[in-house]
*Asks:* 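Okay, here's the structure, questions in a sec.
Keep in mind the model is a prediction, meaning the values are calculated, not measured. Letters A, B, ... are given to chains in the order of the sequence lines, protein chains preceding strands, and every chain is numbered from 1.
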Protein chains: 2
Amino acid sequence: MSDLLERLRGRGWRVTSQRRVVAEVLDGDHVHLTADEVHARAAERLPEISRATVYNTLGEMVSLGEVMEVSTDGRAKRYDPNAHHPHQHLVCSRCGTIRDVRPTGDPLASLPPEERFGFAVSGAEVTYRGLCPACIA
Amino acid sequence: MSDLLERLRGRGWRVTSQRRVVAEVLDGDHVHLTADEVHARAAERLPEISRATVYNTLGEMVSLGEVMEVSTDGRAKRYDPNAHHPHQHLVCSRCGTIRDVRPTGDPLASLPPEERFGFAVSGAEVTYRGLCPACIA
DNA sequence: CTCGTTGCAAATGCTTTGCAATTGG
DNA sequence: CCAATTGCAAAGCATTTGCAACGAG
């Protein structure tokens with residue numbers, strides 16, 4: 001089940017009950033929780049877990065490249081455990097719902113050499129915006 | 001000079017000295033200031049201007065569609081007056097410098113119908129990442 | 001055992017808000 | 001004139017940090 005936890009353990013990560021709970025809560029597809037949501041769900045299983053630990057843990061997962069930070073607008077960052085398969089995000093302009101999507105082609109290809117201004121370009125993030133089915137109705 | 005101010009005035013915007021200074025400070029190409037930087041530069045000309053007013057003013061410019069908010073990572077939002085010509089951003093992973101860039105083609109075209117999940121997709125933002133010339137050296 | 005990890009509470013950084021005083025049209 | 005705008009200071013979030021106690025290996 002918890003592929004995320006397995007991957008982290010495999011990297012010599014020290015596993016504590018707090019870290020396990022955070023990894024379990026965050027695991028799955030189309031999961032895009034804020035740090036606070038992660039804390040709330042983790043606290044259901046481990047009531048004493050602190051916000052600080054959740055932040056530390058999420059930060060480490062990001063450093064290890066197993067979790068991706070998604071900065072939606074100006075609100076709280078969201079955390080996406082789906083870091084192994086490259087993907088982009090489709091965000092509802094009204095309710096903020098996020099879906100993982102897989103565009104065709106390589107986004108990097110759309111930036112021609114003369115538009116790179118001497119940068120060593122290494123990646124591109126695409127955020128598609130629109131109204132989700134629930135908000136259209 | 002201040003095209004931005006002219007555009008705002010043309011929309012029936014009430015112009016005060018504070019608003020004029022904010023508009024002037026923000027005008028130009030490849031300008032991506034934080035609210036605090038705008039406040040600092042505005043205060044050089046109008047020492048009593050408050051942060052609250054700068055925030056209010058920037059927020060209104062964004063609502064009117066004349067200025068674009070750029071949320072870089074987890075730091076302060078940046079404000080881009082270049083809202084009339086569509087463009088994307090190239091951000092230095094080390095120092096955070098931002099350049100406006102113009103990719104080829106329409107980013108929306110890369111998201112096929114079967115990846116839209118019933119959303120009414122209306123736009124796409126692309127952030128290219130890499131090292132700027134200064135940070136490569 | 002020992003060092004990494006945790007929890008707490010306080011601090012920080014960015015942004016918003018309530019409200020009385022001010023001012024543009 | 002008078003509603004819109006401003007400044008101030010305080011409140012509001014999201015996140016980070018210092019440090020003593022704790023616990024995994």
*Asks:* So how far is it from A/Leu90 CG to A/Cys132 SG, rounded to the nearest 0.5 Å?
*Replies:* 9.0 Å
*Asks:* For DNA chain D, whose closest nucleotide is more 5', that of A/Tyr79 or that of B/Val54?
*Replies:*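 Result: B/Val54.
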*Asks:* Would you call B/Ile49 and B/Val54 a side-chain contact if the rule is heavy atoms closer than 4.5 Å?
*Replies:* yes
*Asks:* Could you check which of D/dA9, C/dG7, D/dT15 has an atom nearest any side-chain atom of A/Lys77?
*Replies:* D/dT15
*Asks:* Distance check, rounded to the nearest 0.5 Å: B/Leu8 atom CG versus B/Glu6 atom CD?
*Replies:*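 Reported value, rounded in 0.5 Å steps: 9.5 Å.
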*Asks:* Grab the N/O contacts between the protein and nucleotides 21-25 of chain D below 3.5 Å, and write none if there aren't any.
*Replies:*
residue : atom : partner : partner atom : Å
D/dG23  : N2   : A/Arg14 : NH2          : 3.1
D/dA24  : N3   : A/Arg14 : NH2          : 3.0

*Asks:* Is there a residue in residues 31-49 of chain B whose heavy atoms reach under 4.0 Å of DNA chain D, and which residues are they?
*Replies:*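 Residues of residues 31-49 of chain B that come under 4.0 Å of DNA chain D are, in numerical order, B/Glu48, B/Ile49.
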*Asks:* OP1 or OP2 of C/dT6 versus the side-chain N and O atoms of A/Ser50: is any pair under 4.0 Å?
*Replies:*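 A/Ser50 to C/dT6 OP1/OP2: no side-chain N or O under 4.0 Å.
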*Asks:* Starting from the 5' end of DNA chain C, give me the residue, B/Ala76 or B/Asn56, whose nearest nucleotide shows up first.
*Replies:* B/Ala76
*Asks:* Can you find a side chain N or O atom of A/Tyr55 that sits less than 4.0 Å from OP1 or OP2 on D/dT16?
*Replies:*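 Looking at the OP1 and OP2 atoms of D/dT16, neither is under 4.0 Å from any side-chain N or O of A/Tyr55.
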*Asks:* Quick one: is C/dT6 close enough that its OP1 or OP2 comes under 4.0 Å of any side-chain N or O from A/Arg19?
*Replies:*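 Yes.
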*Asks:* Taking 4.0 Å as the cut-off, does a side-chain nitrogen or oxygen of B/Gln18 come that near to OP1 or OP2 on C/dG24?
*Replies:*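 For C/dG24, OP1/OP2 do not have a side-chain N/O of B/Gln18 under 4.0 Å.
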